[in-house]
Asker: 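After the structure tokens below, expect a handful of questions from me.
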Amino acid sequence: MEFSQLGHTAVIGLQWGDEGKGKIVDLLTEHFDVVVRYAGGANAGHTVKIGKESYALHLLPSGILRKKSLNLIGPGVVVDLEILVAEIDGLRKRNIHVGDNLQISERAHLVMPWHKMQDRLAESSLGDDKKIGTTAKGIGPCYADKMLRSTALRVCDLENALRFRERVTEIADQKNTVFAALYRDAERLDANAIADAYLAFGEQLRAHIADTTAMLHERIDAHDRVLFEGAQGSMLDINHGTFPYVTSSSCISGSVTTSAGVGPSTLESVVGVIKAYSTRVGGGPFPTELDNDIGNKIRERGHEFGTTTGRPRRCGWFDAVAVRHAIRLSGVTELAVMHLDTLGTFEQVRVCTAYRRGKETIRTFPSRAEVLSDVEPVFETLPGWSVDRPEVGSFEQLPDEARSYIERLEAILGVPITLVSIGPERTATLHRTAGVGAGL
Ligand code: IMO
Ligand code: MG
């Protein structure tokens, strides 16, 4: 990946989220003028490590940590003002500048307290095998209201305080009635307190609210380079993921077009981010899951605990069926493999190249969660490597087996792997000249 040569680029997670998009976006932002978060909300948790400092970002684009980039929160993002204000305050306390380098779309929808309440109540009313295992950030209910329209609020609605209060009162009334009928533990919403709090957040953020779409178009016309920061992962995509165990937004590169508001030909590169293994947090099928010592070891070595919820992540071997699907969905042009160091110390490592269900071999990604829960992975076994945290400066210096693993992944996936990460720090990143092999 020749950073300085990239045109407008999207960074897309190709698994179930938490692939390490934050680190890649951070590395790339030095070479970009604008960074755009275009979908999802505070369910995202993007970690960036700079020296000894670690930053966990939920709503702010990861470019906020670099001085020169303009950071946009686009119309497709669902914005929780409470979390956003806290996130900005947290960064300022650490001397990170947040000023006119941050702009929030007036078209973005607001995540309101009733959305978070409904997320929690709906999840707790489901049986254990049906729970989606959401982040409880109100994402699903907010996107549902957006589609419904009559009960939705947008950032621009804060402009007229009187009207905003009226709308909050109408909606809170309606939600109180619905929640009381549906859920036993529903607390009543206090419309006035909510309106006060949200209007105050709006005041605090006033200088950051803008027509970010117009800003983005202007920057593109001026030949500035734009980086689109994907959130969540392709297997959590509302249309293409493991429905219903998905999030409520579109997580593939096409979402850049519909959510940020640029034409499909704008994107010149799509960087797919994958871990050298798989993880998933929350419910849903996960064919390569290792519910054993190996999975536990990956979790410990990779610090696989949620950035947003602290939940332990489920860990498993690399699933090439899922990732091949995701590559196609987003038109990925190059790949970054993260956490290769975490796989060090295993005698053997495995890659799932197909699924088996009874006598049938499945090579395409199944549409139904029930089918995916019922498949057995077909594994290819490769030799592991014993080097723990490799202190190496180039890809060529990695142990032979680690290099072979990357070369094999590249051959199976059919897309160049141009970047390999061997630790969370910016410096623990190896660039690679790819040589895509023969395929399966
Ligand atoms: P980043 O951007 C990992 C998962 C949740 C749950 C499902 C639905 O850090 O990669 P939601 O709260 O969105 O309705 O939950 O999606 N999920 C994520 N998992 N990383 C994320 O974001 C996620 N965002 C949502 O765990 O299974
Ligand atoms: Mg996450």
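In listed order, ligands and their atoms are each counted from 1.
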Asker: Would you check if the side chain of Ser54 reaches a backbone N or O of Ile50 as a donor-acceptor pair within less than 3.5 Å?
Answerer: no

Asker: Would Lys116 and Asp80 pass as an ion pair if we require N to O under 4.0 Å?
Answerer: yes

Asker: I'd like to know if Asp26 pairs up with Arg66 as an ion pair, taking the criterion as any Lys NZ or Arg NE/NH1/NH2 lying under 4.0 Å from an Asp or Glu carboxylate oxygen.
Answerer: yes

Asker: Nearest non-hydrogen contact with atom 13 (O) of ligand 1 belongs to which option: Thr247, Ile139, Val246?
Answerer: Thr247

Asker: Identify, for atom 12 (O) of ligand 1, the protein heavy atom at the shortest distance, and state residue, atom and that distance.
Answerer: Thr135 OG1, 2.6 Å

Asker: Considering only heavy atoms of Lys21, which atoms of ligand 1 have at least one such atom less than 4.0 Å away?
Answerer: 1 (P), 2 (O), 10 (O)

Asker: Can you pull out the closest protein heavy atom to atom 20 (N) of ligand 1? Residue, atom name and distance to 0.1 Å, please.
Answerer: Asp18 OD1, 3.0 Å

Asker: With only distance considered, is Asn43 within less than 3.5 Å of ligand 1 through an N or O on each side?
Answerer: yes

Asker: Considering the heavy atoms of Val281, write down every atom of ligand 1 situated less than 4.0 Å from one of them.
Answerer: 3 (C), 5 (C), 6 (C), 19 (N), 26 (O), 27 (O)

Asker: Out of Ala44, Ala56, Gly133, Ala39, who is nearest to atom 5 (C) of ligand 1 when you count heavy atoms only?
Answerer: Gly133

Asker: In terms of residue, atom name and distance, what is the protein heavy atom nearest to atom 15 (O) of ligand 1?
Answerer: Thr134 CA, 3.3 Å

Asker: Using a strict threshold of under 4.0 Å (side-chain N to carboxylate O), is an ion pair present between Glu380 and Arg350?
Answerer: no

Asker: Answer with side chain, backbone, both or neither: which part of Trp16 has a heavy atom less than 4.0 angstrom from an atom of ligand 1?
Answerer: backbone

Asker: For residues Trp114 and Phe179, establish whether the separation of their ring centroids is below 6.0 Å.
Answerer: no

Asker: Tell me whether Asp145 contacts the main-chain N or O of Cys142 through its side chain, where contact means a donor paired with an acceptor under 3.5 Å.
Answerer: no

Asker: Tell me yes or no: between the side chains of Lys23 and Ser421, is some donor less than 3.5 Å from an acceptor?
Answerer: yes

Asker: How does Arg311 reach ligand 1, by side chain, by backbone, by both or by neither, if only non-hydrogen atoms under 4.0 Å count?
Answerer: side chain

Asker: Taking 4.0 angstrom as the limit, do Arg426 and Glu30 come out as a salt bridge?
Answerer: no

Asker: If the cut-off is 4.0 Å to any non-hydrogen atom of Gly282, which atoms of ligand 1 fall inside it?
Answerer: 27 (O)

Asker: Could you identify the N, O or S atom of Asp18 positioned closest to the Mg ion (ligand 2)?
Answerer: OD1

Asker: What protein heavy atom sits nearest atom 9 (O) of ligand 1, and how far away is it?
Answerer: Gly45 N, 2.9 Å

Asker: Salt bridge check: are Arg356 and Glu376 linked by an N-O gap of less than 4.0 Å?
Answerer: no

Asker: If the threshold is 4.0 Å, N to carboxylate O, is there a salt bridge linking Arg313 and Glu304?
Answerer: yes

Asker: Between His46 and ligand 1, which residue portion shows a heavy-atom distance shorter than 4.0 Å: side chain, backbone, both, or neither?
Answerer: side chain

Asker: Looking at ligand 1, does Arg313 have a heavy atom less than 4.0 Å from it?
Answerer: no

Asker: For Ile132, counting its heavy atoms only, list the atoms of ligand 1 lying under 4.0 Å from any of them.
Answerer: 8 (C), 27 (O)

Asker: Of the backbone atoms (N, CA, C, O) and the side-chain heavy atoms from C-beta on, which set of Leu236 has a member under 4.0 Å from an atom of ligand 1: side chain, backbone, both, or neither?
Answerer: side chain

Asker: Check this for me, if you would: do Arg225 and Asp33 make a salt bridge, where the nitrogen-to-carboxylate-oxygen distance has to be below 4.0 angstrom?
Answerer: no

